[in-house]
Amino acid sequence: MNAEIIAVGSELLLGQIANTNAQFISEQLAALGVDVFFHTVCGDNEARMIDVIKNAENRADLLIFTGGLGPTKDDLTKEAVARVLGRKLVTDQAAMDSIVHYFQVTGREMTENNKKQALIIDGSHVLPNRHGMAPGMIVDTKKHIYLLMPGVPSEMKPMFLDFARGWLSTHNEEHIQSRVLRFFGIGESQLETKILDLIDAQSNPTIAPLAKESEVTLRLTAKHARKDAAEAMLDQIEAKIAARVGVYLYGYDDDSLPQIVFQLMRNQKKTIAFAESLTGGMAADWLAAYPGASSVLNGGVVCYTNQVKNQVLHVPESILNTDGAVSAACAEKMASSVRILCDADLGLSFTGVAGPDKSEGKAVGTVYIGLSDQEGTQSYRFQFNGSRRKIRIQSTKTGYDLVRRHLQKLPNLNH
């Protein structure tokens, strides 16, 4: 099954709002194994909308519309679809009752045009709107499927997740299994180069690379009449990928580096403390977001100034004056000191130049990360690039990856 997403609304064409609905729906369809070949945006004009629908019918099995289901004259989506299909619009009584109830409860006057929101295409499967008034609908002609949903994201997203997604999955003849592999420490182009022959040869399963903030993911999708067979296909292609770039693979689906580290530390009954200069508490904040973080997070020190590095973490003035605050020696002393200060199994430190200007004659993006345990302390030098925010995020994620590799007894991939 392949789909075209049609966003309706002149405000989209005018740039007044961004088309975030299409991004959300595309992500959801990818998880279902439905290919999206086109995104289309159409203004509030019925004639142009009919042209868009007819074009989409020539290249897609599934047509998904967002927007144009409201009460005003420029809300024309269901009218245009009904005209193309040669069907009437009829009142859905459940939707009408819900609209009437809303105005009764709120004490507002219900104008005549609000009744328009209860109209549906004759013969459609109705999708309740629990967060607004206009219901969604699905029309299945056996040749095409037409899915109509509101344009307001707070209405559209729950409608898709609660109703449309299940309907689509049960009306797909094949079992579609999807798996996301998450990588850190390798760029998108480098990853693609290492598995380019697998990508070029893909048909089923498919491999879809995507670069995210300082990370890369691969979405693997397999289709088969049997669910277990689809899973086996994913296992086979994952094994081929892991044989080449498995050293960078840290998790699956919605995993994150802090989450993986949290789970590893809890399972190993280990604790950690952070000494943060350029990251300014970001690393501790990420770990503290998980319920039960107190079982692994002993504490931390935000040490932006040399005075705090010296007086709290006992970084000698000789290091600060000779090597500088942005140095291997400083990172190592910060890591070991915070570990001892907070009585933790591990100490992780961050010091560097986030920008926008050089510091101590060192280029923006120069970062040292220290990692300390009872057996010793090491530091690692990195050269990141990008905005101040990006450098801080890259640094924090890299620190978590160093801890992950330490806990899993994997070699560190220092650059």
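Just so it is clear, the values below take in all heavy atoms, side chains as well, and ignore hydrogens, waters and symmetry mates.
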Give a yes or no answer on whether the side chain of [X] reaches the backbone of [Y] with a donor-acceptor pair at less than 3.5 Å.
| X | Y | answer |
| --- | --- | --- |
| R392 | T279 | yes |
| D343 | R339 | no |
| S349 | G370 | yes |
| R404 | Y250 | no |
| K194 | V245 | no |
| K116 | T72 | yes |

For this session: Identify the heavy atoms of D253 and R182 that sit nearest to each other, and give their distance.
Result: O-NH1, 2.7 Å

Between [X] and [Y], a side-chain donor and acceptor under 3.5 Å:
| X | Y | value |
| --- | --- | --- |
| T221 | Q177 | no |
| Y400 | S395 | no |
| K115 | T91 | no |

For this session: Identify the residue among L287, N267, V261, L264 that makes a side chain to side chain contact (heavy atoms under 4.5 Å, CB included) with V296.
Result: L287

Exercise. Could K157 and F24 be counted as a cation-pi pair, given that NZ or CZ must be under 6.0 Å from the ring centre and within 45° of the axis?
Worked result: yes

Exercise. Is there side-chain contact between V81 and I53, with at least one heavy-atom pair below 4.5 Å?
Worked result: yes

For this session: Using the side chain to side chain contact (heavy atoms under 4.5 Å, CB included) rule, take I138 and L127 through it: C-alpha gap first, then chi angles, then the decisive distance, then the call.
Result: CA-CA 8 Å; I138 297 174; L127 306 178; 4.0 Å; yes

